[in-house]
Amino acid sequence: MARSRIVSELRKKVALSCRIVGTQGLTRGMLGHVSARIPGTDRVLIKAKGPAEEAVELATEKDIITIDLEGRVLEARKKGLDAPNETAMHLIIYRKRPEVMSVIHTHPDWIVALTACDKPLIPMYAAYSPPGMKLVLDGIPVYPRSVTIINRELAEDFMRTMGEKKACLLVGHGMTVAGGSVEEATVTSLNLYELARIHGMAYAIGQPRPISEADIFEYKQRAERGVIKFGSSARFESDWRYHVKLLQKRRS
């Protein structure tokens, strides 16, 4: 596939991801951004900010700009667009983790509420959403500051918390997710949001309890046998197609 076509398809995915996370309530309006590394390059596609930007829920390909790993804008399809203030958070992940191909930063209300109240996420379910359980078991670090990550110093500080994890919560702020593709980062963001939503409901009722070690062991065994595939590309692509079709249905 020609390079220009690869970039064009990737730009469409970034815009689609923006609309999905916006429509699903992970963020809204001008908050949050989705980015993707252009394979084999030091360039990144990212949802732009500025006077000409559209809300995340309404993002189109024209809202996706190209930047380098220093944050310099290399291409913008319309005037009045610039890199987001928190571009540094995306770029530090790309520089430190070459396997990451997409980063999503959103402001879910449930995450803001839970981190503000210092309520931890625990493995409180399995069958309801095994991928959500696995996120907890893998560990979801919490960055303790509630500031926007606008420069390399703060980005380095944030990265010391996130490390090699798929996701990181930011106290009173939101969450950042890294994935091997736009599809993976999007689906992981949705799974984490649902995990937080159910936790919010549970904490409102009482004190949630973790599932048994026996059930956790059972699901780990199923994963080893290939009965369930927590992190397979096929699973991410299937969930991605569902959310794309759901978005299309809502717009029709």
Side-chain angles (χ1 to χ4, degrees), residues 21-22 24-35 44 46-47 49 56 69 71 83-100 102-125 129 131-179 184-210:
V21 298
Q24 291 290 338
L26 277 67
T27 197
R28 60 183 62 84
M30 309 308 169
L31 302 175
H33 15 79
V34 177
S35 70
V44 171
I46 191 167
K47 166 69 170 64
K49 297 293 182 181
V56 176
L69 290 181
N85 288 335
E86 291 188 291
T87 295
M89 180 165 48
H90 291 252
L91 298 184
I92 191 67
I93 296 173
Y94 290 126
R95 286 195 297 267
K96 298 282 188 180
R97 297 173 57 181
E99 83 283 2
V100 171
S102 181
V103 176
I104 299 178
H105 174 63
T106 54
H107 292 198
D109 45 14
W110 288 111
I111 295 292
V112 172
L114 289 169
T115 57
C117 296
D118 198 25
K119 297 296 186 182
L121 301 180
I122 63 173
M124 60 180 287
Y125 57 61
S129 174
M133 175 193 68
K134 188 173 188 302
L135 280 171
V136 178
L137 295 179
D138 288 345
I140 306 172
V142 181
Y143 182 61
R145 301 193 64 186
S146 187
V147 295
T148 48
I149 312 299
I150 61 171
N151 55 44
R152 185 169 293 205
E153 181 181 3
L154 284 168
E156 292 279 0
D157 188 45
F158 165 79
M159 198 63 192
R160 282 190 284 272
T161 297
M162 183 173 186
E164 300 299 313
K165 299 299 185 181
K166 282 190 174 184
C168 183
L169 309 185
L170 298 89
V171 170
H173 182 173
M175 67 185 191
T176 298
V177 169
E184 179 181 351
T186 304
V187 170
T188 301
S189 295
L190 293 166
N191 286 332
L192 182 50
Y193 176 68
E194 181 63 7
L195 181 69
R197 187 183 74 86
I198 296 298
H199 270 79
M201 295 170 61
Y203 278 119
I205 296 170
Q207 179 62 41
R209 296 177 297 178

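What you see below is based on every heavy atom in this structure, not just the backbone, and it leaves out hydrogens, waters and symmetry mates.
- For the pair Thr148 (side chain) and Glu86 (backbone), a donor-acceptor distance under 3.5 Å is absent.
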* **Check against side chain to side chain contact (heavy atoms under 4.5 Å, CB included), Val171 and Val142** => CA-CA 7 Å; Val171 170; Val142 181; 3.5 Å; yes

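- Side-chain contact between Leu69 and Val44 is present, with heavy atoms from C-beta onward closer than 4.5 Å.
- For Pro131 against Asn191, the heavy-atom pair with the smallest separation is CB-ND2, 3.5 Å.
- Annotation: side chain of Leu154 is in contact with side chain of Arg145 (closest heavy-atom distance under 4.5 Å).
- For Tyr125, the side-chain hydrogen bond (donor to acceptor under 3.5 Å, both in side chains) criterion is met by no residue, not counting sequence neighbours.
- Looking only at distances, no side-chain donor or acceptor of Ser35 sits under 3.5 Å from a matching main-chain atom of Ser102.
- Heavy atoms only, all atoms of each residue included: Ile198 and Met124 are closest at CG2-CE, 3.7 Å.
- When every heavy atom of Ser146 is checked against every heavy atom of Gly172, the shortest pair comes out as OG-O, 3.1 Å.
- Scanning for ring-ring contact (aromatic ring centres under 6.0 Å, His included) contacts around His105 gives His33, His107, His173, with sequence neighbours left out.
- By the side-chain contact (heavy atoms from CB on, under 4.5 Å) test, Pro210 is found to be paired with Ile122, Pro123, residues two or more places apart in sequence or in another chain being considered.
- Among residues two or more places apart in sequence or in another chain, the side-chain hydrogen bond (donor to acceptor under 3.5 Å, both in side chains) test is passed with Asp138 by Lys134.
- The local environment of CD in Glu153 is sparse, with at most 12 non-hydrogen atoms from other residues, nucleotides or ligands closer than 6.0 Å.
- Here the closest non-hydrogen pair linking Leu114 and Ala196 is CD1-O, 3.4 Å.
- Partners of Pro141 by side-chain contact (heavy atoms from CB on, under 4.5 Å), not counting sequence neighbours, listed by chain and number: Thr161, Lys165, Cys168.
- Looking at residues two or more places apart in sequence or on another chain, you find a side-chain contact (heavy atoms from CB on, under 4.5 Å) between Val100 and Ile93, Tyr94, Arg97, Val103, Ala178.
- Sorted by first and then second residue, the side-chain hydrogen bond (donor to acceptor under 3.5 Å, both in side chains) pairs involving residues 108-121 (not counting sequence neighbours) form an empty list.
- Sorted by first then second residue, the ring-ring contact (aromatic ring centres under 6.0 Å, His included) pairs that include residues 138-158, not counting sequence neighbours, are Tyr143-Phe158.
- At least one side-chain heavy atom of His90 sits less than 4.5 Å from a side-chain heavy atom of Ile46.
- Looking only at distances, no side-chain donor or acceptor of Thr188 sits under 3.5 Å from a matching main-chain atom of Ala185.
- Using a 4.5 Å heavy-atom threshold, the side chains of Pro84 and Lys47 count as separate.
- Residues that satisfy the side-chain hydrogen bond (donor to acceptor under 3.5 Å, both in side chains) test with Arg95, not counting sequence neighbours, are absent from this structure.
- The salt bridge (Lys or Arg N to Asp or Glu O under 4.0 Å) test applied to Arg209 returns no partner, not counting sequence neighbours.
- Side-chain contact check for Leu26 versus Ile104: every heavy-atom pair is 4.5 Å or farther apart.
- Summarising the geometry of Pro120 relative to His199, their closest heavy-atom pair is O-CD2, 3.6 Å, with the distance given to 0.1 Å.
- Using a 4.5 Å heavy-atom threshold, the side chains of Thr106 and Ile111 count as separate.
- Remark: Glu194 engages Tyr128, Arg197 in a side-chain hydrogen bond (donor to acceptor under 3.5 Å, both in side chains) (not counting sequence neighbours).
- Take Lys96 and apply the side-chain contact (heavy atoms from CB on, under 4.5 Å) test, not counting sequence neighbours, and it matches Ile92, Glu156, Met159.
- To the nearest 0.5 angstrom, Thr176 atom OG1 is 6.5 Å from Met162 atom CE.
- Of all heavy-atom pairs spanning Leu135 and Ile140, the tightest one is O-CG1, 3.4 Å.
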